[in-house]
Amino acid sequence: MDSTLRLDSLTSPVRLKALPGKHPVFSGETVVEGWREWRDGILMADLRSCGISEFGNPVQREDRIDFYVDGSRQNLARWPNGTEFSHLGKALGQTLGLHHSFIGDILCPEEGIMQYLDYRIDGWADEKDPYMLGYWYWDWYEEYKSVSCIDTVSKSLTLDPIGHRYGYNDGPRFFGVNLFCELDSPGEYYIDRDEGIIYWYPPEGGFVPGVTRTTVSVFPEEAMIEANSCNGFTLEGIELCGGRGGAVSIAGGRDNVIRKCRITRFGEAAIRIEGGTGHKVVSCHLSQLGAAGILAEGGDRHTLSPSGFVIRGNKVEDFALFKHTYEPAVQFSGVGARISGNDFSNSTSSAVSLLGNDIKVQFNTFSDLVRESDDQGALESFGDLATRRLIIRFNLWKNINGGTKYGAAAVRFDDFISGNRVYGNIFDHCGSFRFGAVQIHGGRDNEIKGNLFLHCNYAVSCSPWTYDALKTKFARFESRWADIDLYGDLYTSRYPELLEPLDSLNHNRNYVSGNLIIDTPNLFRNGDFLVTRGNGILPLSKNNQ
């Protein structure tokens with residue numbers, strides 16, 4: 001596939017559907033052939049001879065080649081190998097900048113001049129185009145940086161672009177990437193962009209000429225299929241794969257449906273939905289995504305008119321493989337969506353991100369999430385006082401316990417998120433460090449009721465704000481909901497808790513009742529700020545003492 005299929009202003013239903021027994025594929029990949037031995041078990045191939053002339057940038061969104069073997073994503077040569085991180089030393093930049101954070105204003109170096117501690121980095125000085133991915137200040141936001149200079153005498157390196165939105169901290173975790181000298185582990189590859197040569201270290205017995213299928217993503221557009229202002233368009237039973245951008249884009253219109261599609265091996269968000277009403281993503285399988293799964297925005301928050309969006313029965317796994325934070329399986333902003341019966345698994349960070357009103361998240365399974373990032377939840381919402389009535393019910397959450405300092409939660413209400421309900425869920429092995437399975441930071445009137453907590457760090461944790469901190473942060477965040485008449489008749493009739501003003505006595509008030517808590521030695525963190533009643537507590541089992 002070499003160009004986007006665009007559908008504009010269809011007013012009658014149109015269906016693009018697989019015939020019975022057929023498996024149509026929209027592919028943006030090119031097969032890599034002509035492999036030959038280079039040395040030490042590493043193979044090489046000429047990409048130009050395969051018809052590939054645009055090699056992109058190794059860490060640039062929508063301009064990045066990914067390499068796949070029999071449909072499995074390979075790793076750009078890096079150190080440390082696998083999913084490990086190392087740590088740098090002191091931040092040596094001399095220009096101090098003021099950065100806002102949830103713990104106050106911080107002065108920290110603006111320039112990315114860092115001490116390094118491992119002599120192995122000396123060997124990167126002659127690399128053509130070395131990069132680092134680092135959590136440069138906070139462990140909940142990472143960024144790729146080019147390494148412009150390595151001084152092997154002073155054991156320091158310089159990162160470009162110079163600035164980072166939060167400045168630089170001492171001892172940040174990182175890994176180096178796009179390093180030819182680190183091509184030393186099965187499943188790694190490196191592309192010499194000057195010569196157009198790809199080098200690959202296959203696993204033992206992992207390459208059989210004429211049998212093993214090796215491909216690179218080539219398709220450069222933002223989406224393979226676009227439906228703009230269409231009504232009743234259905235995409236069903238199609239496989240889409242191998243784009244540097246995304247797979248499907250829907251803008252405006254109504255009642256468009258993506259059903260029973262397999263969407264895999266994309267560099268950007270697989271599905272984007274912007275505006276319109278009644279759109280659905282149903283029974284699809286999304287996997288091996290460099291960024292998010294489904295990004296959707298719909299409904300009108302000024303009138304509280306619902307979008308009618310439905311995201312149901314999908315499996316979304318192995319996402320945020322390139323951009324490790326803030327690229328969830330589903331991100332919805334707006335009004336009136338239903339996210340139901342999905343299976344979300346295997347990511348460095350969050351699976352669902354919500355901002356808006358009257359959104360239901362129900363009957364889903366969340367597992368093995370927030371494995372790497374810190375201070376986040378498998379489901380999270382943050383920084384919007386107008387976000388109300390998120391209904392999170394009857395979901396299964398398991399093995400969500402990553403984090404590095406503050407923690408990882410299953411459900412995280414962060415910075416003003418208030419007036420929501422979490423009930424009927426099962427939380428199994430959730431929460432870490434300071435976080436419980438449910439974590440509330442700076443919100444009120446959230447109700448945590450009738451859930452089962454098994455083997456959790458805490459059942460519920462609260463990070464209370466002082467009233468002075470609330471007023472300071474209110475002023476900082478207020479622009480996010482400034483165009484909504486939050487205290488007008490529409491919002492206060494729908495959300496009557498808004499009629500009670502925020503004051504020094506109620507701004508940390510949240511309700512925890514009727515839950516069953518088993519094998520969870522720490523029940524509530526900062527429980528004095530929670531209104532708790534009627535919770536059943538069973539002691540530790542002998543096997544867990």
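Remember, it's a predicted structure, so these values are computed and weren't measured experimentally. What you see below is based on every heavy atom in this structure, not just the backbone, and it leaves out hydrogens, waters and symmetry mates. Each residue takes its place number in the sequence, starting with 1.
- A cation-pi geometry, defined here as NZ or CZ lying under 6.0 Å from the six-membered ring centre and within 45° of its normal, does not hold between Lys145 and Tyr168.
- Under the 4.0 Å criterion applied to side-chain N and carboxylate O atoms, Asp66 and Arg265 are not assigned as salt-bridge partners.
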### Message
Let's go through Glu380 and Arg412 carefully: what are the C-alpha distance in whole Å and the side-chain angles of both, what is the deciding distance for salt bridge (charged side-chain N to carboxylate O under 4.0 Å, His left out) to 0.1 Å, and is it a yes or a no?
### Response
CA-CA 5 Å; Glu380 64 172 27; Arg412 178 114 199 270; 5.2 Å; no

### Task
Take Leu286 and Lys315 through the side-chain contact (heavy atoms from CB on, under 4.5 Å) test and state the conclusion after the steps.
CA-CA 6 Å; Leu286 283 62; Lys315 183 176 181 65; over 6 Å; no

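- Side-chain N or O atoms of Gln288 include one that pairs as donor or acceptor with a backbone N or O of Arg73 at under 3.5 Å.
- Between the side chains of Gln60 and Tyr144, no donor-acceptor pair is found at a separation under 3.5 Å.
- Screening Ile392, Asn395, Ile400 against Val411 for a side-chain contact (heavy atoms from CB on, under 4.5 Å) leaves a single residue, Ile392.
- For the pair Leu523/Tyr458, no side-chain contact is recorded, criterion being any heavy-atom separation below 4.5 Å from C-beta on.
- For the pair Val281 and Cys284, the tightest heavy-atom approach, listed with the atom from each and the gap, is CG1-SG, 4.2 Å.
- Here Glu62 contributes atom CD and Glu268 contributes atom CD; the two are 4.5 Å apart, rounded to the nearest 0.5 Å.
- At least one side-chain heavy atom of Gln439 sits under 4.5 Å from a side-chain heavy atom of Ser463.
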### Message
The test is salt bridge (charged side-chain N to carboxylate O under 4.0 Å, His left out); show your working for Arg509 and Glu500 and say whether it passes.
### Response
CA-CA 12 Å; Arg509 180 191 62 204; Glu500 183 180 6; 3.0 Å; yes

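- Listed by first and then second residue, the salt bridge (charged side-chain N to carboxylate O under 4.0 Å, His left out) pairs that reach into residues 383-397 are Arg301-Asp384, Arg388-Glu497, Arg389-Glu497, sequence neighbours excluded.
- Residues Phe85 and Leu133 meet the side-chain proximity criterion, which asks for heavy atoms closer than 4.5 Å.
- Between Trp397 and Phe453, a ring centre-to-centre spacing not shorter than 6.0 Å is recorded.
- In terms of modelled atom types and a separation under 3.5 Å, the side chain of Trp136 and the main chain of Glu143 share a donor-acceptor contact.
- Counted by atom type alone, Asp63 and Asn57 present zero donor-acceptor pairs between their side chains at under 3.5 Å.
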### Query
Taking it one step at a time, do Thr532 and Phe524 satisfy side-chain contact (heavy atoms from CB on, under 4.5 Å)?
CA-CA 9 Å; Thr532 63; Phe524 309 116; 4.0 Å; yes

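- The ring of His507 has its center closer than 6.0 angstrom to the ring center of Tyr467.
- Taking the six-membered ring for Trp and the full ring otherwise, Phe219 and Phe26 have centroids separated by 6.0 Å or more.
- For the pair Arg244 and Phe266, the cation-pi criterion (under 6.0 Å, within 45° of the ring axis) is not fulfilled.
- Using a 4.5 Å heavy-atom threshold, the side chains of Ile294 and Phe332 count as separate.
- Between the side chain of Thr4 and the backbone N or O of Ala223, at least one donor-acceptor pair lies under 3.5 Å.
- Here Phe474 and Trp481 bring their ring centres to under 6.0 angstrom of each other.
- Panel note: side chain Thr264, backbone Ser287; a donor-acceptor pair is recorded below 3.5 Å.
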### Task
Verify salt bridge (charged side-chain N to carboxylate O under 4.0 Å, His left out) between Asp139 and Lys405, making sure each step is shown before the conclusion.
CA-CA 8 Å; Asp139 273 2; Lys405 180 180 179 181; over 6 Å; no

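- You'll find the ring centres of Phe344 and Phe319 outside the 6.0 Å limit.
- Taking the six-membered ring where the residue is Trp, the centroids of Phe477 and Phe416 are separated by under 6.0 Å.
- Between Val512 and Asn535 there is a side-chain heavy-atom pair separated by less than 4.5 Å.
- For the residue pair Asn314/His285, the side-chain donor-acceptor check at 3.5 Å is not satisfied.
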### Task
Determine, step by step, whether Glu222 and Ser249 satisfy the side chain to side chain donor-acceptor pair (under 3.5 Å) criterion, reporting the C-alpha distance in whole Å, the side-chain angles of both residues, the deciding distance to 0.1 Å, and the verdict.
CA-CA 8 Å; Glu222 292 183 1; Ser249 173; over 6 Å; no

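- Of all the heavy atoms in Gly253 and Asn231, the pair that sits closest is CA-OD1, 3.6 Å.
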### Task
Check the pair Asn508 / Arg444 against side chain to side chain donor-acceptor pair (under 3.5 Å), numbers first and verdict last.
CA-CA 5 Å; Asn508 287 308; Arg444 72 167 191 177; over 6 Å; no

### Query
Should Leu16 and Leu5 be marked as a side-chain contact (heavy atoms from CB on, under 4.5 Å) after you check the CA-CA gap, both sets of side-chain angles, and the distance that decides it?
CA-CA 11 Å; Leu16 183 60; Leu5 173 61; 4.1 Å; yes

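- Checking side-chain atoms of Lys449 against main-chain N and O of Asn451 turns up no donor-acceptor pair under 3.5 Å.
- With hydrogens and angles ignored, the 3.5 Å screen pairs a side-chain donor or acceptor of Thr387 with a backbone N or O of Gly356.
- Side-chain N/O atoms of Ser305 and Thr303 include a donor and acceptor closer than 3.5 Å.
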### Query
Which is it for Asn346 and Asp368 under the side chain to side chain donor-acceptor pair (under 3.5 Å) test, yes or no, and what are the steps along the way?
CA-CA 5 Å; Asn346 195 23; Asp368 299 307; over 6 Å; no

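- More than 12 heavy atoms of other shown residues, nucleotides or ligands fall within 6.0 angstrom of atom CG in Asp503.
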### Query
Does the pair Tyr495 and Asn357 meet the rule for a side chain to side chain donor-acceptor pair (under 3.5 Å), with working shown?
CA-CA 10 Å; Tyr495 316 117; Asn357 305 79; 3.3 Å; yes

### Message
Pair Asp375, Trp138 - check side-chain contact (heavy atoms from CB on, under 4.5 Å), show working.
### Response
CA-CA 9 Å; Asp375 199 40; Trp138 301 110; over 6 Å; no

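- Between Val361 and Leu354 the shortest side-chain heavy-atom distance falls below 4.5 Å.
- Between Glu226 and Arg6, at least one side-chain N (NZ, or NE/NH1/NH2) sits under 4.0 Å from a carboxylate O, which counts as a salt bridge.
- Scored by the salt bridge (Lys or Arg N to Asp or Glu O under 4.0 Å) test, Glu327 finds Arg61 as partners (sequence neighbours excluded).
- Between the side chain of Ser461 and the backbone N or O of Gly436 there is at least one donor-acceptor pair closer than 3.5 Å.
- In this structure the side chain of Ile273 reaches within 4.5 angstrom of the side chain of Phe309, judged on heavy atoms.
- The backbone N or O of Gly450 sits less than 3.5 Å from a side-chain atom of Asn515, completing a donor-acceptor pair.
- Between the side chain of Asn364 and the backbone N or O of Asp343 there is no donor-acceptor pair closer than 3.5 Å.
- Within the 3.5 Å criterion, the main-chain N or O of Gly252 finds no donor-acceptor partner in the side chain of Asn228.
- Leu240 has its side chain within reach of Leu235: a pair of non-hydrogen atoms, C-beta onward, lies under 4.5 Å apart.
- Nearest heavy-atom pair, Cys456 versus Pro521, reported as atom, atom and distance to 0.1 Å: O-CD, 4.1 Å.
- Ring centers of Tyr135 and Tyr141: at least 6.0 Å apart, outside the cut-off.
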